[in-house]
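Before any comments, here is the structure.
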Amino acid sequence: MEFTKYSNPILRYISDILMDEEDDLECKPCMLQECLRLQAAEKSFHDALLHQNPSPFRDENTCITDSDEIFGRIPSFVSSGSCTTDNSCESDLLNGVSEFNSSFLQLQTPLVDSPEDGYFHDGTWNLFQSHTKPLMVEEGTPASALREKRSHGMDGHASHEKEGRRGSKVSAIFSDDSEPREILDEVLLYQTGGSQPLYSAPTEPSQRVDLGRSNGKATRLRSKKVSTNMETTVDLWTLLTQCAQAVANYDQRNANELLKQIRQHSSPFGDGLQRLAHYFANGLETRLAAGTPSYMPLEVATAADMLKAYKLFVTSSPLQRLTNYLTTKTIISLVKNESSVHIMDFGICYGFQWPCLIKKLSDRHGGPPRLRITGIDLPQPGFRPAERVEETGRRLANFCKKFNVPFEYNCLAQKWETIRLADLKIDRNEVTVVSCFYRLKNLPDETVDVKCPRDAVLKLIRKINPNVFIHGVVNGAYSAPFFLTRFREALYHFSSLFDVYEANVPREDPQRVMLEKGLFGRDAINVVACEGAERVERPETYKQWQVRNLRAGFKQLPLDPQLVNDAKDIVKREYHKDFVVAENDKWVLLGWKGRILNAISAWTLA
């Protein structure tokens with residue numbers, strides 16, 4: 001019997017954690033936020049200590065961070081090391097980094113050279129490039145909490161970013177011609193049936209699909225505020241893009257004026273666009289006031305708050321459910337007649353990936369195999385960098401006891417590119433699985449370090465030689481080094497995420513507010529406000545990850561058509577009609593209203 005979204009082992013796992021540890025978790029920050037903050041601080045401290053010059057691939061808008069801020073952070077020697085369940089830790093610094101084998105520009109090369117390569121000829125995939133008038137969505141008056149803004153003098157310099165004209169792809173609300181052409185997804189999703197919803201996330205031509213709806217048109221979000229005396233239209237999308245241009249040009253006067261207008265009509269408690277505008281305005285204001293600020297966890301949410309909010313994430317979006325379903329089915333097929341399986345999970349965090357698998361293993365005919373998990377994550381601040389990763393192991397062990405699954409856990413809390421093969425304790429007699437779900441985007445790319453940690457981790461996985469490498473990615477094009485290009489792409493991506501919850505969760509739900517603030521808002525602010533090592537949100541499209549993986553010596557495993565069809569049926573049956581599941585180039589794609597948000601695929605050595 002398959003799980004439903006409300007009878008999911010993940011929910012039981014989270015409930016068990018909150019029941020046993022809620023008081024303790026109320027005093028701890030969210031695990032992922034602390035990991036990323038330390039990662040950003042560690043790089044900045046290292047650069048300041050060695051007085052290194054910026055990389056030739058460094059972000060164009062990078063500014064030098066305040067030295068007081070740098071030396072107030074925790075240095076790297078406190079936070080790196082490999083730890084096991086006996087709490088023994090060994091320092092392991094700066095090992096295992098790979099040689100730089102390709103320039104960043106190689107990955108930025110478009111992957112489709114002709115229209116014929118961009119869609120299928122049988123009509124399943126269609127290129128949709130029509131432009132329509134913006135849809136005016138009337139809303140009530142939002143809360144207008146004006147925030148006091150800091151205005152600091154900055155040594156401005158003119159922005160030299162340039163971009164060729166984009167022809168019909170330039171929307172009416174964004175007409176800047178001063179940036180280079182960004183990389184866009186050439187593969188588009190397809191969905192049938194339904195009618196055009198009133199509330200629709202904005203979608204660029206290259207990221208949208210023909211949804212097969214009656215009018216066949218895409219719309220752009222608008223927000224309208226109606227006063228008692230007269231009706232006034234507030235175009236938050238245009239205000240945000242104009243403000244970004246002013247910030248990019250260090251035009252404080254215009255930027256502050258535009259921020260004031262945005263603040264009057266945005267709110268973390270309004271509709272989807274108003275919430276999006278609130279967090280993007282926070283990012284713009286921070287960038288304007290501080291130049292290039294340090295990574296900020298956004299008034300760090302407690303671990304208990306984020307776990308409660310994550311239950312909403314599991315039930316309102318099929319992402320975690322779909323990831324767990326595909327992963328579980330893949331691993332179950334590998335261990336059908338095996339006695340032991342070893343899973344190495346890069347980015348284990350709280351371990352939400354594994355309760356479904358544990359439950360399925362317990363139901364195996366003839367009894368469950370021995371399950372060994374090596375939990376890998378970034379270190380936490382302080383003198384016990386592996387503490388939180390060890391806690392995840394204890395929780396998974398307790399969950400396994402409930403289902404009588406033999407279990408062993410080891411953990412590594414260090415920078416992933418410094419991990420050595422010997423640290424993983426590989427037994428070649430076991431089925432070996434490597435997984436990484438939506439976390440490689442947080443590793444520095446070539447614009448930060450020419451010895452790219454992403455390629456180093458892929459080389460390590462190749463040395464592991466797993467039976468299968470399951471790779472989940474956030475499909476995003478908002479990691480460009482040019483601020484305006486990145487801002488526009490981020491606006492498109494995050495508008496879809498906020499629209500998901502606008503369509504599925506009541507606005508007054510406190511867990512929605514916490515989830516948007518602690519997850520989407522935090523990421524959006526980091527993308528907009530930060531540069532260099534401080535910008536830890538650096539996703540790539542699934543096509544770009546495909547290039548990386550192939551270059552690292554992997555080949556994709558074919559997808560089981562029945563498995564993909566079952567995943568489509570689950571999403572269609574239990575979730576909002578605007579969620580889309582599709583398949584392309586052996587990737588399973590999850591989208592919302594035609595925009596690809598996530599992708600997952602399975603790999604083995606070539």
Side-chain angles (χ1 to χ4, degrees), residues 107-129 182-193 201 203-212 218 317-319 321-323 325-327 329-330 436-438 440-441 468-478 489 492-493 496 539-552 554-572 575 578-604 606:
L107 285 179
Q108 295 293 336
T109 303
L111 297 172
V112 174
D113 297 324
S114 64
E116 287 74 21
D117 293 327
Y119 56 90
F120 292 106
H121 298 285
D122 62 4
T124 306
W125 302 74
N126 296 299
L127 190 63
F128 181 68
Q129 295 191 5
E182 73 279 24
I183 301 304
L184 302 172
D185 284 342
E186 288 83 8
V187 181
L188 309 175
L189 291 173
Y190 173 79
Q191 178 184 4
T192 59
T203 310
E204 280 198 314
S206 59
Q207 292 273 16
R208 55 167 99 109
V209 298
D210 186 351
L211 299 178
S317 166
L319 175 60
R321 172 96 176 275
L322 188 66
T323 301
Y325 177 78
L326 295 172
T327 302
K329 289 290 187 180
T330 301
C436 185
F437 300 116
Y438 318 112
L440 280 177
K441 69 185 177 74
V468 64
F469 165 38
I470 306 173
H471 190 192
V473 302
V474 173
N475 184 69
Y478 52 92
E489 288 292 345
Y492 280 113
H493 181 86
S496 293
E540 295 176 318
T541 66
Y542 73 95
K543 285 289 190 178
Q544 289 172 299
W545 277 112
Q546 188 169 32
V547 172
R548 277 195 191 274
N549 291 353
L550 291 171
R551 192 179 62 195
F554 293 96
K555 66 177 180 181
Q556 282 179 283
L557 294 174
L559 295 168
D560 181 354
Q562 185 59 46
L563 187 62
V564 176
N565 289 333
D566 290 345
K568 291 179 180 180
D569 290 342
I570 290 172
V571 173
K572 183 178 180 180
Y575 295 90
D578 286 319
F579 283 112
V580 186
V581 177
E583 176 188 351
N584 182 56
D585 280 352
K586 301 178 182 177
W587 291 83
V588 177
L589 310 175
L590 175 65
W592 171 257
K593 294 183 179 178
R595 187 172 189 84
I596 306 169
L597 298 177
N598 300 90
I600 186 170
S601 64
W603 301 76
T604 188

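- Looking at heavy atoms from C-beta onward, Q546 lies in side-chain contact with Q556 at the 4.5 angstrom threshold.
- The line from CG of D569 to CD of Q562 is 8.0 Å long, rounded to the nearest 0.5 Å.
- For K441, the salt bridge (charged side-chain N to carboxylate O under 4.0 Å, His left out) partners are E537, not counting sequence neighbours.
- Take Y438 and apply the ring pair (Phe, Tyr, Trp, His ring centres under 6.0 Å) test, not counting sequence neighbours, and it matches no residue.
- In this structure, H493 NE2 and R595 CZ are separated by 7.5 Å, a value rounded to the nearest 0.5 Å.
- In this pair, W587 and H471 present their aromatic rings tilted. The plane angle is within the 30 to 60° band.
- Taking 4.5 Å as the limit, some side-chain heavy atom of V588 sits within range of a side-chain heavy atom of V564.
- Listed by chain and number, the residues in a ring pair (Phe, Tyr, Trp, His ring centres under 6.0 Å) with F437 amount to none (sequence neighbours excluded).
- No side-chain heavy atom of I570 sits under 4.5 Å from any side-chain heavy atom of L322.
- Here the closest heavy-atom approach between residue V468 and residue L557 is recorded as CG2-CD1, 3.8 Å.
- Considering Y492, Y575, F579 as possible partners of W592, the one that fulfils the ring-ring contact (aromatic ring centres under 6.0 Å, His included) test is F579.
- F554 and F469 have tilted rings, their planes meeting at an angle from 30° to 60° on a 0 to 90° scale.
- The side chain to side chain contact (heavy atoms under 4.5 Å, CB included) test with L319 is passed by exactly one of V474, I600, L590, L597: L590.
- Remark: S601 OG to I470 CD1 distance equals 9.5 Å, nearest 0.5 Å.
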message = Show, in sequence, the C-alpha distance, side-chain angles and deciding distance for Y542 and N584, and conclude whether the side-chain hydrogen bond (donor to acceptor under 3.5 Å, both in side chains) test is met.
response = CA-CA 10 Å; Y542 73 95; N584 182 56; 3.1 Å; yes
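- In this structure, K568 does not pair ionically with E583, as no charged nitrogen and carboxylate oxygen lie closer than 4.0 Å.
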